Amino acid sequence: MQRPLRRWKESFAMFAAMACVVAFNKQAQGQYTAPSRPAHFLVNGDMPPGALGQIGLMQRRPLQGYYQPVRIHAPQGASIALAANGTFMPPQSQPYAAGLMVGGVYRFQVTNIPNQPGVELFPTIEVIDRIYPPPGQEVAFPIPVHLDADDLAQALDGRLVTRVIYLEDPQTALPLADAPQSQRSIDVRSDADPLHEADRLGRPVAVLRIGSRIPPSDPQQLDQFLLGSAPWLEIPRMPAATPSLTVDGVPSLLTP
């Protein structure tokens with residue numbers, strides 16, 4: 001199961017950071033692989049967006065060019081819009097699924113937030129690893145990313161919320177069922193690193209950051225705010241098939 005760890009810490013930028021680790025169950029054979037060597041902490045959850053994903057790409061795993069299916073959940077009524085070609089696409093109802101490239105950082109827009117008329121948020125998702133479902137069933141096993149109402153409220157209050165989503169180790173996972181509409185989270189201490197805790201409990205695969213930043217008024221700075229608008233692949237809501245193709249010989253969800 002994918003579960004988050006949450007952490008509060010004071011910041012000199014006049015906002016607090018809330019971090020959590022989110023885990024998800026192993027729903028198909030071959031998704032979880034134990035580390036081949038002891039964990040080291042040359043990386044941490046405070047690294048800038050994009051750093052963790054790029055480090056993962058340098059490891060010897062089939063990650064280059066892979067579009068990992070991700071499903072974004074938000075409170076009922078909210079809409080999601082990913083960025084493409086330097087702008088946000090039209091808002092879509094959620095849960096919203098897309099293929100996000102491993103190593104990429106994606107800025108997206110959250111609108112129609114319940115009890116927050118006219119308010120928008122612009123979180124990021126960094127995909128740092130992939131999962132390994134049975135061939136041809138990639139779309140059936142996306143990484144679930146949940147934006148809880150409490151997390152959105154904390155972000156609107158000026159805080160930075162970090163959620164590290166990891167794949168549980170089946171040997172140590174709690175035998176508890178999770179509803180698809182929710183995701184259990186684990187709060188971490190203020191002096192703990194959520195990435196390290198997620199690594200201890202399983203295999204981190206994605207990092208969700210929710211803050212109060214808004215797009216700059218200067219169009220020349222918008223591309224930087226959108227983090228370059230990394231490419232992504234649309235996943236039909238009712239796919240007739242779940243193709244498993246390759247990009248340059250590497251397994252991939254779809255071709256661009």
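A quick note: this is a predicted structure, and the numbers were derived from the prediction, not measured.
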Euclidean distance, Thr124 OG1 relative to Arg213 CZ, rounded to 0.5 Å: 9.5 Å
Whether Tyr166 side chain and Ala206 backbone form a donor-acceptor pair below 3.5 Å: no
Exactly one candidate in Val164, Val207, Asp199 meets side-chain contact (heavy atoms from CB on, under 4.5 Å) with Pro194; the answer is Val164
pair Pro91-Asn112: side-chain heavy atoms closer than 4.5 Å: no
Please identify each residue that fulfils side chain to side chain contact (heavy atoms under 4.5 Å, CB included) with Leu222, with sequence neighbours left out. Pro215, Pro216, Phe225, Leu226
With a 4.5 Å heavy-atom cut-off, do Leu100 and Gln68 have their side chains touching? no
4.5 Å side-chain heavy-atom contact, Ile72 and Ile125: yes
Minimal non-hydrogen separation, Ser212 against Ala155, with atom names: CB-O, 3.3 Å
Can you tell me how far the CG atom of Asp223 sits from the OG1 atom of Thr87, to the nearest 0.5 Å? 11.0 Å
With sequence neighbours left out, what residues match Gln76 under side chain to side chain contact (heavy atoms under 4.5 Å, CB included)? none
Could you tell me whether a side-chain N or O of Asp218 sits under 3.5 Å from a main-chain N or O of Gln220, the two making a donor and an acceptor? yes
Got Arg71 and Phe141 here, is their nearest side-chain heavy-atom distance under 4.5 Å? no
Pairwise distance CD1(Ile235) to OH(Tyr67) - rounded to 0.5 angstrom: 12.0 Å
Would you check if Arg203 and Val205 make a side-chain contact, meaning some heavy-atom pair closer than 4.5 Å? yes
Residues that Ala84 engages under side chain to side chain contact (heavy atoms under 4.5 Å, CB included), provided they are two or more places apart: Met89, Trp232
Rounded to the nearest 0.5 Å, how far does CG of Leu147 lie from CD1 of Ile210? 4.5 Å
Closest contact, heavy atoms only, Pro231 versus Met101: CG-CE, 4.0 Å
What closest approach, in Å, do Ile131 and Tyr66 show between heavy atoms, and which atom pair accounts for it? O-OH, 4.3 Å
Atom CG of Asn115 with >12 non-hydrogen neighbours under 6.0 angstrom: no
Indicate the atoms forming the closest heavy-atom contact of Val110 with Pro123, along with that distance. CG2-CD, 3.8 Å
Under 3.5 Å, side chain of Glu138 to main-chain N/O of Gly136, donor-acceptor pair present? yes
Using every non-hydrogen atom in the two residues, find where Gly211 and Leu121 come nearest and quote the distance to one decimal. O-CD2, 3.4 Å
Should Gln92 and Glu234 count as side-chain neighbours, where that means a heavy-atom distance under 4.5 Å? no
Crowded around Asn85 CG? As in, over 12 foreign heavy atoms under 6.0 Å? no
ring-ring contact (aromatic ring centres under 6.0 Å, His included) between Phe122 and Phe88, intermediate numbers included: CA-CA 10 Å; Phe122 301 87; Phe88 288 104; 5.4 Å; yes
